[in-house]
Amino acid sequence: MAFFDALKERAVSTINQVFDKGNDSGLSKAQLFCIEHRIPDDETVIDESAAEVGVYSEYNKDAYKEKMGVSQGRIFLTQRFLIFSDAYDKRNCSFTIHLSTIKKVERVPTTDYAFALAIGTHSRIKLSFFLVGMRSESEKFAHNLKLALRANLKNIAKLQPFIQTCYSEYLLAKNKVSSEKVDEIPSGGLGLEFKFPGNAKELRDKSKMKLWFDLFKADGRNLSIVKTPMFHRLVRVGLPNRLRGEIWELCCGSMYLRLENVGLYQQLLDENKEKNSLAIEEIEKDLNRSLPEYAAYQSPEGIERLRNVLTAYSWKNPEVGYCQAMNIVTAALLIYMSEEQAFWCLHMICDRIVPGYYSKTMYGTLLDQRVFESLVQDTMPMLWEHITKYDIQLSVVSLPWFLSLFLSSMPLVYAFRILDVFFLQGPKTLFQVALAILKLNGEELLKVEDDGSFISLIKDYFHSLEQSAHPNSPNQKYRTITKFQELLVTAFKEFSVINEAVLNKHRVKHRNTIFSNISTFVKRTELRNLPKVKNIDQPTLGNIYDRYYSIVESNVTVGSGSSVMDFEGFRIFMSQICTWVNENDDNPFLRRLMNHWDSEGQKALTLSDLVVGLNKLIEPDLMEAMSNFFSLYDDKKNGKLDREHILQVSEDLLYITTPWKDAWELDRITEDAIENAIADEIVKRKAEKGEKSGDIEISSEIEIDKPKLENQQIERYLSAASTFIQRAFEYAQPEEEEALIKELAVDNKISHNAALDPSTPTYLNLPTFRMVVLADETYELLFSNTLRNSIRPEKPLDEKFDTMRNLKDMFDGLLADGRKVANKVRKRMDSAASSAINNQNQSSNHQSESSSLKSGKSKIQEEDEERDDDFGVISIDEKDKDLLLGAESHVVINTPDQATAVPKTQSSASTSTTKDGEKQPDGNLIEFET
């Protein structure tokens, strides 16, 4: 019972942790705060205050105040962070600044406010805090900030090495914007060597990088960035390849974990280098099935990186170990992240963002599938009615979307765009996109009448995401909008009402049903997969299953994801179904029984082991029952029991027969004797009354000398034990016939039983064992009836409980199918892209050669300039900027939960600096030092 209680509590607690924001979540205010602001769990609020915040830098001057105004909200101080969130919408202004990045704090004289502070950070931005409230409270906040900064002096040493790993810092340092020294380009993902998915030119990667460069100058970066509306817009229009990993870890909060746990990732790998586990075995099976269409995972380097991250996580979180689809998500992260970045990002995904998706039971995924169905029912009732009418299993289609975060369902270029928003706004993104997919294909889906057609239609849709959504529109503007862009605008505009509050409401509604369904499904599945047994019927198997999982503890090798029964659990189990076992017994027979049933030699029993063993123990056939008992002691499997084993059999028979030997229970012989004694007494009484005996009705009211009969049973069992060992050695066969003849000769020196003499080895074979048992009425009855009736596996449990088991295998087929679809889609896109490039090259070959000659550049130089990580020269004008950001107005608008539009903003930087130090408009060429 303990295992399932603990597992269920963990499941409910984890779901509540992220899904419940109300007072009934069972979480403390500090825990909810950490979840909301995505900071480490050990942070607590030291102080807080209402405040008005302004953000300034030498690059934006008063641009922030002029365009956005001073933001009003609450400011929080924790042990390592200074946090602010806008009171109206945190997308207007929010930040989570690590205290180690604060370089200067000063009090600002002001006439409008009673108390104001100015804070400077390492990213050269200045934050002005106007604390609202009583002056004493403001003074207290300033004092607590001073103490927290002093306590964080030890963390400043971590800052410099850490920012060396951030590409944002490298980008600004090489262009003389940052005062930090970053000499080497930070390590990144596999995309640097094996290329990033998609075409960098078509994705306007350099233009996006320039916009982020401007934002970093104006609003800070990495550990001290201020998230303004521009930040959210740049994420939604798609991240540049080289910054994608850093922005992901910044948005989800894994960057803070990586800073606080420097070196832990490598330590996990080093400490467990020579160890093995079932989780690692599962990882090895899936390594070559992780985005196999991406070139890196056809190489030793990519496979090794993936292995390292998954293995390290299995040791970091042994309760999860490794679960289905973790390899796909991790493989995607490693394209844009280093191993350490991917490790902490995976940790945040599994533990914080989508808890329960990657677990032994995958309860989080199943719960969200039910929530998704409920949302479809509410938002698209006609489609839901059609789905239920034809019994279409919607979860079969949608489960891979959620479990693999769309990575196994659609081309990577598009899946990464969804991940950009997923890390920014959380799991509601998955629901919004999934609902939009059904919405856009609603008319066609209403025509299908089976699962196969439903899946096929969605597959075709994923094939065509790069095509125009309105190819026949007379408006050229609409003809250029792709189906993927249409998907985004539908997801983040029409389904913006699907927020955390809506999801929490549905999760609470369906949670208990999901737990119940998990138990029922797993029980039915596991019982169906058990070995066939002839002596245990299906209802009894159900009782054994319930009892097994009410006792069992998860104590197998770290990360196995399996549950087995140790000796303590086995002893408790047997004591509940056997009359001759006490809960505290540590009898050798129980250990022998468990070791014999242990098919894998792991000193623990699986449910299958237990069922097969019990099936043999309650065998009704007398001859087979004796054979099964004999085999318990035949350790060498040669059909012989030596002297020590014969003695052990005798002792174990005494132990097994304890209830009858001590007259706790009555066997059939004694029961028959009692019935005969009662019948004789009835006949005697009738004879005394002169009545005819006739039919005799046995009555318990007739008094007989029952203790006498019980004593006879006790004597009979003691005599049977004595007779067994005497006859066993009497009929034991010698290992060497001549030795026995010699010992049986008349010799005054022999004063003991020759069979007990260690110098004369003897053995008992199966036929002889059967003969000895059958020679005694008590033991014959024991093997034919008494022992079997003393074991009651059909006995129901006394208390209710929930059983939850590993559902990993349930999803294998679905994900495999999803991967096949994604592979076909990507191959088709690659083929189409290659054909287009070839055609373009053929048509413009002469023009390209001429252009290269005029510019004095070779083809190698031109190709080098298109490298995704090379931002030596970036040209972006207002037209390109408007194309990127303005497209949001009709493609990727995401209105706030309060149903208000996000105000449009221009680039944070109005001017930029050339090599010569001259100011120039953004429309001109911007040169970056490399």
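A donor-acceptor contact closer than 3.5 angstrom is absent between the side chains of N155 and S100. Residues Q341 and E246 bring no donor and acceptor atom of their side chains to less than 3.5 Å of each other. Checking H122 against Q160 by side-chain atom types alone, no donor-acceptor pair falls below 3.5 Å. Donor-acceptor pairing under 3.5 Å is recorded for the side chains of Q79 and T44. Between the side chains of E169 and N222, at least one donor N or O lies within less than 3.5 Å of an accepting N or O.
Side-chain contact check for V433 versus F492: some heavy-atom pair is nearer than 4.5 Å. For the pair N241 and L192, the minimum side-chain heavy-atom distance is 4.5 Å or more. For the pair V235 and W248, the minimum side-chain heavy-atom distance is 4.5 Å or more. Residues L243 and P240 are in side-chain contact: their nearest non-hydrogen atoms beyond the backbone lie under 4.5 Å apart. Contact check for L264 versus K316: side-chain heavy atoms found under the 4.5 Å cut-off.
For the pair R38 (side chain) and C251 (backbone), a donor-acceptor distance under 3.5 Å is present. Side-chain N or O atoms of T101 include one that pairs as donor or acceptor with a backbone N or O of H98 at under 3.5 Å. Between the side chain of Y167 and the backbone N or O of G188, no donor-acceptor pair lies under 3.5 Å. The closest donor-acceptor contact from the side chain of E500 to the backbone of G426 lies at 3.5 Å or more, if one exists at all. Put simply, the side chain of T330 gets close to the backbone of M326: a donor and an acceptor are under 3.5 Å apart.
Listed by chain and number, the residues in a side-chain hydrogen bond (donor to acceptor under 3.5 Å, both in side chains) with Y313 are N317, D351 (sequence neighbours excluded). Scored by the ring-ring contact (aromatic ring centres under 6.0 Å, His included) test, H506 finds no partners at all (sequence neighbours excluded). Applying the side-chain hydrogen bond (donor to acceptor under 3.5 Å, both in side chains) test to E48 and every residue at least two apart in sequence or in another chain returns R74. Among residues two or more places apart in sequence or in another chain, the salt bridge (Lys or Arg N to Asp or Glu O under 4.0 Å) test is passed with R107 by E139. Here A434 pairs with F372, W401, F402, F406 under the side chain to side chain contact (heavy atoms under 4.5 Å, CB included) rule; sequence neighbours left out. With sequence neighbours left out, the side-chain hydrogen bond (donor to acceptor under 3.5 Å, both in side chains) criterion links T165 to R258. By the salt bridge (Lys or Arg N to Asp or Glu O under 4.0 Å) test, R370 pairs with E373, sequence neighbours left out. Here R124 pairs with E58 under the salt bridge (Lys or Arg N to Asp or Glu O under 4.0 Å) rule; sequence neighbours left out. Residues passing the side chain to side chain contact (heavy atoms under 4.5 Å, CB included) test with D86 are S71, Y88, N92, sequence neighbours excluded. Remark: Q267 engages E271 in a side-chain hydrogen bond (donor to acceptor under 3.5 Å, both in side chains) (not counting sequence neighbours).
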From CA spacing to verdict: side-chain contact (heavy atoms from CB on, under 4.5 Å), Y56, I125: CA-CA 6 Å; Y56 310 93; I125 62 171; over 6 Å; no
Please report the C-alpha distance between F213 and F216 in whole Å, then the side-chain angles of each, then the deciding distance to 0.1 Å, and finally whether the ring pair (Phe, Tyr, Trp, His ring centres under 6.0 Å) criterion is met. CA-CA 5 Å; F213 176 77; F216 291 151; 8.1 Å; no
S123 and S224: side-chain hydrogen bond (donor to acceptor under 3.5 Å, both in side chains), yes or no, with the steps? CA-CA 7 Å; S123 56; S224 60; 2.8 Å; yes
Derivation and outcome, side-chain contact (heavy atoms from CB on, under 4.5 Å), residues D420 and R236: CA-CA 7 Å; D420 292 343; R236 290 196 298 270; over 6 Å; no
Please step through side-chain hydrogen bond (donor to acceptor under 3.5 Å, both in side chains) for the pair Q425 and Q432, ending with a clear verdict. CA-CA 11 Å; Q425 67 177 25; Q432 292 171 336; 2.8 Å; yes
Derivation of the side-chain contact (heavy atoms from CB on, under 4.5 Å) call for D41 and R352: CA-CA 10 Å; D41 294 329; R352 180 73 69 81; 2.5 Å; yes
Walk me through whether L223 and Y256 qualify under side-chain contact (heavy atoms from CB on, under 4.5 Å). CA-CA 8 Å; L223 295 172; Y256 310 130; 3.9 Å; yes
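The number of heavy-atom neighbours closer than 6.0 Å to CD of E184, taken from other residues, nucleotides and ligands shown, is 12 or below. The neighbour count for K90 NZ, taken as heavy atoms of other residues, nucleotides or ligands under 6.0 Å away, does not exceed 12.
Separating the NZ atom in K126 from the OG1 atom in T121 is a distance of 12.0 Å, to the nearest 0.5 Å. Expressed to the nearest 0.5 Å, how far CZ of F423 lies from CG of L250 amounts to 12.0 Å. The CD atom of E43 lies 13.5 Å from the CZ atom of F76; values are rounded to the nearest 0.5 Å. Atom CZ of R221 sits about 15.0 Å away from atom OH of Y170, to the nearest 0.5 Å. Rounding to the nearest 0.5 Å gives a distance of 6.0 Å between CD1 of I102 and CG of L145. Distance check: L211 CG to F231 CZ gives 13.5 Å after rounding to the nearest 0.5 Å.
Under the ring pair (Phe, Tyr, Trp, His ring centres under 6.0 Å) criterion, the residue pairs touching residues 259-279 are Y265-F343, with sequence neighbours excluded. The stretch residues 305-314 participates, sequence neighbours left out, in these salt bridge (Lys or Arg N to Asp or Glu O under 4.0 Å) pairs: E284-R307, E301-R305, E304-R307.
Shown here for L430 and L405, the closest heavy-atom pair between the two residues is CD1-CD2, 3.9 Å. Minimum heavy-atom separation, F95 to I225: CB-O, 3.4 Å. When all heavy atoms are compared, the tightest approach of N261 to L257 is ND2-O, 2.8 Å. Contact record, V132 with S49: O-OG, 3.8 Å, taken as the closest heavy-atom pair. Here the shortest heavy-atom pairing between F84 and Q72 reads CZ-C, 3.9 Å. When all heavy atoms of C323 and M362 are compared, the closest pair comes out as CB-CE, 4.1 Å.
For E260 and R80, the salt-bridge test passes: some basic side-chain N is under 4.0 Å from an acidic carboxylate O. Between K273 and D270, none of the side-chain N atoms (NZ, or NE/NH1/NH2) sits under 4.0 Å from a carboxylate O, so this pair counts as no salt bridge. Taking 4.0 Å as the cut-off between side-chain N and carboxylate O, K227 and D219 do not count as a salt-bridged pair.
Taking the ring axis of Y336 as reference, the NZ or CZ atom of R244 stays within 45° of it and closer than 6.0 Å to the ring centre.
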